[in-house]
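Naming convention: chains lettered A, B, ... in sequence-line order (proteins, then strands); numbering from 1 in each chain. Computed from heavy atoms alone, side chains included, the values below leave out hydrogens, waters and symmetry copies.
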There are 2 protein chains.
Amino acid sequence: MTPSAPAPTRGRIDKRRAILDAAITVFARDGYAQASVDAIAAEARVAKPTIYNHLGGKENLFRTAMVEAAEESRRKVLATLEGFPTDPAGPEALRTDLNAIAWQLVDCMRSAAGWAMSRLLYAEAARFPDVYDAVQAEGGRQVNDALAGRLARLANAGHLEIPDPLRAARHFMALISADIPGLSALGTRAVADKVLRESIADGVDTFLRAFAKA
Amino acid sequence: MTPSAPAPTRGRIDKRRAILDAAITVFARDGYAQASVDAIAAEARVAKPTIYNHLGGKENLFRTAMVEAAEESRRKVLATLEGFPTDPAGPEALRTDLNAIAWQLVDCMRSAAGWAMSRLLYAEAARFPDVYDAVQAEGGRQVNDALAGRLARLANAGHLEIPDPLRAARHFMALISADIPGLSALGTRAVADKVLRESIADGVDTFLRAFAKA
DNA sequence: ACTATGTTGAACTCATCAGTTCAAATTCAT
DNA sequence: ATGAATTTGAACTGATGAGTTCAACATAGT
């Protein structure tokens, strides 16, 4: 709300980026309807007409900000999944690796922007079905495919027994994030890393009970 | 929006109930901010001042409607859990019973009001932390306790091997509802019963892989 | 320096909506 | 029937906010 700080930057710089970042911040904080374009302009240290020049109206601003944020988040997750060990030394190494994957995945949802995405998606899915499709049906599927691929390779190397990798990937995600909404009160409270790690370890444990090689 | 129908009922009847039901309907459809008190009045076939007489302002209307709806939903779930078999005939009967429990649980979230709760809770958790606490931290915990009790009794009767019933209950919930947000696009699309049943059966299957008696 | 382009602030329009007021109408209990 | 309590419609106030306009201004490329 308060411009407050270091002299309003003029001229043509990375206004567009600043606007989109500010939009995510303000939409996440206030929700779509309660977020005012003026507040976003202030947060971005930009004049209101600049927003309309770059991004049309409030609706399109919302769409663009959400989709770009989702793309970035998805890129991060996929990159993380790429570089993971396929053939751990033994059962304990496997458990450690799965915990590490799980931590990376959870860490993405846990960030402020991550919760912003979740909350806004939930809240506005009915009013912006196209945004939901772009973010979840598209990005969510890609992440699940990639995760299924990693799990399948672990199974192939003889560490897991997985009849249906896609299903196992969905259940892995569900198990490691089972406690998060409750623990963080839907993202409104901070969660201690230690607590989160225990919750994730629990999820991995159940997953291994179900899918570890007999 | 449209009054349309059978002559506006006057006098003192169940106005309060009608208002709260209409509030849930409209809040669920439009979201808190976009829902107008006039729209709720129209939906309830009631004059606007009547709402203010019964329930004060918009905020209190929201709080009351959410909390009462949550209480009713919780009562239904707990009642369902009460009447469930504790000692199935064998492994296949156990699986059938778990599928039945799971269906009941999912069916509550799946109703229009159920999704309304979820969506509104998510969207407004930051602005109405007290509502979140009343609904989730309170009701969610009770349901999880009850479910943990059922699972513990099944374990006690020798059908399951469960180290930590509370944890198992959380993971059971997570597994049987893993696919629902994706399948229903966060409640904005209808899901065929058959698809839902398969998704639930998958969750129960993974649960049994993890916790069935060896 | 000169110019095209992008940016700014500020004021403005128009719509929506929460909450209020009040006199007329309706219902219920007796 | 009568009177107390409640409901109703309709008009009103005040606030908030989306989107626009425009003259002044800053910046980049030439």
Quick one: do R17(A) and E68(A) make a salt bridge, cutoff under 4.0 Å? yes

Any donor-acceptor pair under 3.5 Å from N99(B) side chain to R95(B) backbone: yes

From CD1 of I40(B) over to P of dA18(C), roughly how many Å is that when rounded to an integer? 8 Å

Output yes when a side-chain donor or acceptor of R127(A) lies under 3.5 Å from a complementary backbone atom of D30(B), and no otherwise. yes

From CG of D14(B) over to P of dT6(D), roughly how many Å is that when rounded to an integer? 16 Å

When you check the gap from the basic side-chain N to the acidic O, do E72(B) and K76(B) get nearer than 4.0 Å? no

For Y32(A) and F128(A), I'd like to know if the aromatic rings sit close, meaning centre-to-centre distance below 6.0 Å. yes

Specify the closest pair of heavy atoms between S199(A) and L183(A), including all atoms of both residues, with the distance to one decimal. CB-CD1, 4.1 Å

D38(A) has an atom CG; how far is it from atom P of dT8(C), in whole Å? 14 Å

How close or far is atom C1' of dA18(D) from atom CG of N60(A), stated in whole angstroms? 15 Å

Under 4.0 angstrom, heavy atoms only, what part of the nucleic acid is A41(A) near: base, sugar-phosphate, or nothing? nothing

Rounded to whole Å, the OH-C1' distance (Y32(A) to dG17(D)) equals 12 Å

Identify the two heavy atoms, one from V26(A) and one from A35(A), that lie closest to each other, and give their separation to 0.1 Å. CG1-CB, 3.8 Å

Identify which nucleotide among dT8(D), dA18(C), dA18(D) has an atom closest to any side-chain atom of K15(B), counting heavy atoms from C-beta outward. dT8(D)

Any residue in residues 48-57 of chain B with a heavy atom nearer than 4.0 angstrom to DNA chain C? Just list them by number, or reply none. K48(B), P49(B), Y52(B), G57(B)

L61(B) CG - dC17(C) P separation (whole Å): 15 Å

Distance check needed: dG9(C) C1' versus R45(A) CZ, whole Å only. 16 Å

Using a heavy-atom cut-off of under 4.0 Å over every strand shown, decide if A35(A) touches base, sugar-phosphate, or nothing. sugar-phosphate

Whole-Å distance between dC17(C) C1' and E59(B) CD? 15 Å

